[in-house]
Student: 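Shown below is the structure under consideration.
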Amino acid sequence: MTEEAPKLEAGTSRRAQHFRSALALMYKKAATAWTVEQFMECVGAWGEQNPAAAATMRVQLGQYLQETDQLKADEILDKFQAYEGIDSLAEAVAEAKEAVENAGSSTQKQGSKRRSSVKKMDDAKDPRKRKDAWRPDITPRNAVHAVTVPILEAERARLEKEYEEVCALIHSSEAH
């Protein structure tokens, strides 16, 4: 009986944890951005007459803003599955780093072997030869374009051909 690996909770990657920490710091900074003097100016004469109450109100308002900001931001992040995306990004970065390390080490290993003992991989099966494979010398945008542009061009050609056929049908039916 094989045991399945436990499913990790979203946002468990180190990158996601740093993101959470940065957000928590941002909530706190935003909620406590007002100095006591600035708050006292906002509440006017009441603050001058009740400085202790004004200071307490400032703290309570800051806590309320921090909690509200955090709740609303968490709703948005959950709605758009941000932590899953951050985890996927962290995984992709780790895989890319590993691929770079393996490419460097496999090149060194292959250099020490005799040519007859090195298996040649078919270009179609070699993941480093794919147009969309990550390489340090190409941008992610170019890797995506390498795959999507040929598909879009083929679809465009198919639609143009279909359009010409429909136009030919229309012209032939008008002639009769």
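Values below: all heavy atoms of this structure, side chains included; hydrogens, waters and symmetry mates excluded. Computed from a prediction, not measured in an experiment: that's the story for all the values here.
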Student: Among Ile, Leu, Val, Met, Phe, Trp and Tyr joined by side-chain contacts under 4.5 Å, find the other residues sharing a cluster with Leu169 and list them by chain and number.
Tutor: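 Members besides Leu169: none; it forms no cluster.
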Student: Report the residues that fulfil side chain to side chain contact (heavy atoms under 4.5 Å, CB included) with Ser88, sequence neighbours left out, ordered by chain and then residue number.
Tutor: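 Once residues adjacent in sequence are excluded, Ser88 has no partner under the side chain to side chain contact (heavy atoms under 4.5 Å, CB included) criterion.
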Student: Please report the interatomic distance CG(Leu152) to NE2(His145), rounded to the nearest 0.5 Å.
Tutor: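 Between Leu152 CG and His145 NE2, I get 9.5 Å after rounding to 0.5 Å.
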Student: Kindly state each residue pair satisfying side chain to side chain donor-acceptor pair (under 3.5 Å) with at least one member in residues 152-169, sequence neighbours excluded.
Tutor: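 Applying side chain to side chain donor-acceptor pair (under 3.5 Å) to every pair that reaches into residues 152-169, excluding sequence neighbours, yields Glu155-Arg158, Arg156-Glu160, Arg158-Glu162.
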Student: Can you list, pair by pair, the side-chain donor-acceptor contacts under 3.5 Å of residues 14-32, counting residues two or more places apart and other chains?
Tutor:
| from | atom 1 | to | atom 2 | distance (Å) |
| --- | --- | --- | --- | --- |
| Gln17 | NE2 | Thr12 | O | 3.3 |
| Arg20 | NH2 | Ala10 | O | 3.4 |
| Ser21 | OG | Gln17 | O | 3.1 |
| Thr32 | OG1 | Lys28 | O | 2.7 |

Student: Side chains of Glu91 and Ser13: closer than 4.5 Å at any heavy-atom pair?
Tutor: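 The answer is no; the side chains never approach within 4.5 Å.
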Student: If you measure from OG1 on Thr56 to CG on Leu61, what distance do you get to the nearest 0.5 Å?
Tutor: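 Atom-to-atom, Thr56:OG1 and Leu61:CG are 12.5 Å apart.
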Student: Tell me whether Met57 at atom CE has more than 12 heavy atoms from other residues, nucleotides or ligands lying less than 6.0 Å away.
Tutor: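 Counting other residues, nucleotides and ligands, CE of Met57 stays at 12 neighbours or fewer.
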Student: Taking only residues two or more places apart in sequence or in another chain, which ones pass ring pair (Phe, Tyr, Trp, His ring centres under 6.0 Å) with Trp46?
Tutor: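 Not a single residue meets the ring pair (Phe, Tyr, Trp, His ring centres under 6.0 Å) criterion with Trp46.
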Student: Could you identify which residues cluster with Leu89, counting Ile, Leu, Val, Met, Phe, Trp and Tyr as linked when any side-chain heavy atoms lie under 4.5 Å apart, either directly or through a chain of such contacts?
Tutor: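 Noted: Leu89 shares its cluster with Val93.
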Student: Partners of Thr35 by side chain to side chain contact (heavy atoms under 4.5 Å, CB included), sequence neighbours excluded?
Tutor: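 Partners of Thr35 by the side chain to side chain contact (heavy atoms under 4.5 Å, CB included) criterion, ordered by chain and then number, come out as Glu37, Gln38.
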Student: Which residues satisfy the ring pair (Phe, Tyr, Trp, His ring centres under 6.0 Å) test with Phe39, sequence neighbours excluded?
Tutor: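 For Phe39 the ring pair (Phe, Tyr, Trp, His ring centres under 6.0 Å) partners, ignoring immediate neighbours, are Trp34.
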Student: Enumerate donor-acceptor pairs with a distance under 3.5 Å from any side-chain N or O in residues 73-85 to protein atoms, sequence neighbours excluded.
Tutor:
none

Student: Checking Ile170 now: which residues fulfil side chain to side chain contact (heavy atoms under 4.5 Å, CB included) with it, not counting sequence neighbours?
Tutor: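 Applying side chain to side chain contact (heavy atoms under 4.5 Å, CB included) to Ile170 gives Val166, Glu174.
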